[in-house]
Student: 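Have a look at this one.
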Amino acid sequence: GKKAKDIAEIEKKVIEAFEVFDHECNKTVDVREIGSVVRSLGCYPTEAELQELLAEVEEEEPTGYIHLEKFLPVMTRVLLERSYQPIPEDVLLHAFEALDENKCGYLTKEELVKYMTEEGEPFTQEEMEDMLSAALEPETNTVCYKDYITLMIVDDV
C-alpha cells in the first residue's frame, strides 16, 4: 500500500491544481474546467473517462460546479492507481513524426490544429489552445514537438 505521506503529497498536488482553476476562491471549479485540472495533474483521460469521473464528483443536483471535497478523494485515487496512463513518449513522438512529412522536427500551428481536431479523439478548442500555448514558438508559429513531448511527459511522482 501507499504510505500516508505519499497520499498527503498527492492530495496537496490535487488541491494546488484545483485552486488554479478556482477563480472564486470558494473551493469550487466550473465543471467545464475539470478536464483542465485533471490534465494539469498529468492525467490524460479520454472524453468517456472524463465523463465517468465527473459523474462521480458531481452533486446529486448538478450545479455546474464541482466541489473540492468531492473531487479530492476521487482524483487522489485516480493518481494513486494511475488510472489514466499518460501516453508513452515513443508513441507520441511517433505520431508527431508521422505528421512531420519533411522530417524537420517541428510542425506548424495549422498542421497541428488540423491534425488534432480531425484525428481520433477530437480536442476541444480550449484544449488545443492549452496545448499550443505550451508548445508554440511565437516567433515562428511552429511547434517543436520534441520539446513539447518532454513537457507533456510528467515525471513520476
Student: First locate atom CD of E49, then atom OH of Y44, and finally report the distance between them rounded to the nearest 0.5 Å.
Tutor: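 It is 14.0 Å, given to the nearest 0.5 Å.
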
Student: Taking C-beta and beyond as the side chain, do D30 and E33 meet within less than 4.5 Å on heavy atoms?
Tutor: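 Result yes, sub-4.5 Å side-chain heavy-atom pair found.
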
Student: How long is the span from the CZ atom in F21 to the CD1 atom in I34, to the nearest 0.5 Å?
Tutor: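 It is 9.0 Å, given to the nearest 0.5 Å.
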
Student: Does E16 pair with K12 as a salt bridge, N-O distance under 4.0 Å?
Tutor: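 Salt bridge flag = yes for K12 with E16.
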
Student: Measuring from atom CE of M75 to atom CD1 of I15, what distance do you get when rounded to the nearest 0.5 angstrom?
Tutor: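 Nearest 0.5 Å value for the CE-CD1 distance: 13.0 Å.
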
Student: Could you tell me the separation between the CD1 atom of I66 and the CG atom of L53, rounded to the nearest 0.5 Å?
Tutor: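 So the CD1 of I66 and the CG of L53 are separated by 8.5 Å.
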
Student: Between atom CD of E11 and atom CG of L80, what is the distance when rounded to the nearest 0.5 Å?
Tutor: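 Rounded to the nearest 0.5 Å, the CD-CG separation comes out at 8.5 Å.
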
Student: Do V31 and P62 come close enough that some side-chain heavy atom pair is under 4.5 Å?
Tutor: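 No; the side chains remain at least 4.5 Å from each other.
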
Student: In plain terms, say whether K70 and E56 are close enough for a salt bridge, that is, a side-chain N and a carboxylate O under 4.0 Å apart.
Tutor: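 Looking at K70 and E56, the cut-off is not met.
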
Student: Can you tell if the side chain of K27 reaches within under 4.5 Å of the side chain of H67, non-hydrogen atoms only?
Tutor: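 They are not in side-chain contact.
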
Student: Got E47 and Q51 here, is their nearest side-chain heavy-atom distance under 4.5 Å?
Tutor: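 Counting from C-beta outward, E47 and Q51 do come under 4.5 Å.
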
Student: Can you tell me how far CZ of F71 sits from OG1 of T28, rounded to the nearest 0.5 angstrom?
Tutor: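 That separation rounds to 12.5 Å.
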
Student: Shortest non-hydrogen contact from P73 to L68?
Tutor: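 Closest heavy-atom pair between P73 and L68: CD-O, 4.4 Å.
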
Student: Show your reasoning for whether side-chain contact (heavy atoms from CB on, under 4.5 Å) applies to V14 and L79.
Tutor: CA-CA 9 Å; V14 172; L79 287 169; 3.5 Å; yes

Student: Taking everything shown except R77 itself, do over 12 heavy atoms lie less than 6.0 Å from its CZ?
Tutor: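 Yes.
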
Student: Treating Ile, Leu, Val, Met, Phe, Trp and Tyr as nodes and any side-chain heavy-atom pair under 4.5 angstrom as an edge, say whether V29 and Y65 lie in one connected cluster.
Tutor: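 Result: no, two separate clusters.
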
Student: Identify the heavy atoms of P45 and C43 that sit nearest to each other, and give their distance.
Tutor: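 Where P45 meets C43 most closely, the heavy atoms are CD-O, 3.2 Å.
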
Student: Is there a side-chain contact (heavy atoms from CB on, under 4.5 Å) between S40 and V20? Walk through the geometry before answering.
Tutor: CA-CA 10 Å; S40 74; V20 171; over 6 Å; no

Student: Kindly say whether N26 contributes a backbone atom to a donor-acceptor pair with the side chain of D22 at under 3.5 angstrom?
Tutor: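 Between the backbone of N26 and the side chain of D22 there is a qualifying donor-acceptor contact (under 3.5 Å).
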
